[in-house]
Protein chains: 2
Amino acid sequence: MPDASTIVTVLDRAGYRLTEPRRVVAGLIAGREGHFTAADLVDDARERRLDVGRATIFRALELFTELSAVERVDLPSGEHAYVECEPIHHHHVICSQCARTTEVEACGMPAVAREVGKATGFKIQSHRLELFGICPDCQAANSRRG
Amino acid sequence: MPDASTIVTVLDRAGYRLTEPRRVVAGLIAGREGHFTAADLVDDARERRLDVGRATIFRALELFTELSAVERVDLPSGEHAYVECEPIHHHHVICSQCARTTEVEACGMPAVAREVGKATGFKIQSHRLELFGICPDCQAANSRRG
DNA sequence: GACGTTGACGATACCGAGTCTCACTCAGTA
DNA sequence: TACTGAGTGAGACTCGGTATCGTCAACGTC
């Protein structure tokens, strides 16, 4: 279960001000499972009558991304989404049914990157890997349904 | 060197009409090296005084993508771009200096996907891998420059 | 606790990518 | 040649994201 205080702590450590709107956005993120878009948070805030401006939500997301408290992912649809995550290098596995995401280290990746570098002559600097599939829960639900 | 006739052939085989605007868009794509955005093509068309509507360019790109004659990639900046490519499963290595792209099979990927599936319990259906680095030409140019 | 500084805020205008609509055109066919 | 419907261009529209600007409040200092 994600926790708003994690983000707040990261913010504090980095020397940023702990303002009410930032706490609210952190709380909205914590209240979500899986990926979410900026628009989702804007809607959430409006529904819960939390007085946070649209611009503020975008700014907060930008800041959290910079601090690696959340990460941007690109869905197959081309949409930009965010997921809350630990600030270490990893990748996301995204359930295409329920949108839940899981972090993985995908430790085989450096080898793949090395191989690609060898094959193409490129000096590989970074990569982006996103995996899409069906999570265990949805698999179970699907098989129950027949 | 990409070739407009490749796209035109794919279009023809799929039973789509070979109209002038589609040939023009195919030509614009062929005239590019590396990735490009829809806006790039719109600009190109305007510069060369080719009478192709903006909507038509978007429609053509959508169609070409559907036929796997071009593929969408997401740049680290979050921009959506396209690259011309062969209609088989592969990944792109993108030069962060000159934007040139190269296709690779990244044959180690199925193993990584399998491993991730095992570790998370997800049934992996698809993945998206993009690699960013410096191409051989830019490396050479850089080392010449000191 | 009061105060001052300045980073953060909300409102809102703005921008640009992409989509939708609709009347018109033209490629392919009978 | 006439017909038909896929494809087109113009332009309005939507929506995600950014920029601006006057105001507010977090936080360090006294």
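In what follows, chains are A, B, ... by sequence order, proteins preceding strands, each numbered from 1.
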Heavy-atom closest pair (A:Cys135 atom, A:Cys95 atom, distance to 0.1 Å) is N-SG, 3.4 Å
note: B:Leu11, atom CG; D:dA6, atom P; distance rounded to Å ~ 15 Å
The side chain to side chain donor-acceptor pair (under 3.5 Å) partners of B:Asn142 (sequence neighbours excluded) come to B:Gln97
Rounded to whole Å, the CG-C1' distance (B:Asp51 to D:dG7) equals 15 Å
The ring pair (Phe, Tyr, Trp, His ring centres under 6.0 Å) partners of B:His80 (sequence neighbours excluded) come to A:His80
Taken to the nearest whole Å, CD1/A:Ile57 to P/D:dA19 is 18 Å
Whole-Å distance, A:Asp12 CG to C:dA8 P, equals 13 Å
Whichever of A:Gly15 and B:Ala39 has the more 5' nearest nucleotide on DNA chain C, that residue is A:Gly15
The contact string for nucleotides 19-30 of chain C, one letter per nucleotide 5' to 3', using protein heavy atoms under 4.0 Å with B, S and - for base, sugar-phosphate only and none, comes out as BBB-----B---
In whole angstroms, the gap separating P of D:dG17 from CZ of A:Phe36 amounts to 12 Å
Between CG of B:Leu50 and P of D:dT8 the distance, given in whole Å, is 14 Å
The side chain to side chain donor-acceptor pair (under 3.5 Å) partners of A:Asp51 (sequence neighbours excluded) come to none
In whole angstroms, the gap separating P of D:dG16 from CG of A:Asp74 amounts to 15 Å
Residue pairs passing the ring-ring contact (aromatic ring centres under 6.0 Å, His included) test with at least one member in residues 110-146 of chain A, sequence neighbours excluded, are A:His89-A:His127, A:His91-A:His127
Would you say B:His80 reaches C:dG18's phosphate, i.e. side-chain N/O to OP1/OP2 under 4.0 Å? yes
Whole-Å distance, A:Leu63 CG to D:dT18 C1', equals 16 Å
The complete set of ring-ring contact (aromatic ring centres under 6.0 Å, His included) pairs with one or both residues in residues 12-43 of chain B, sequence neighbours excluded, reads none
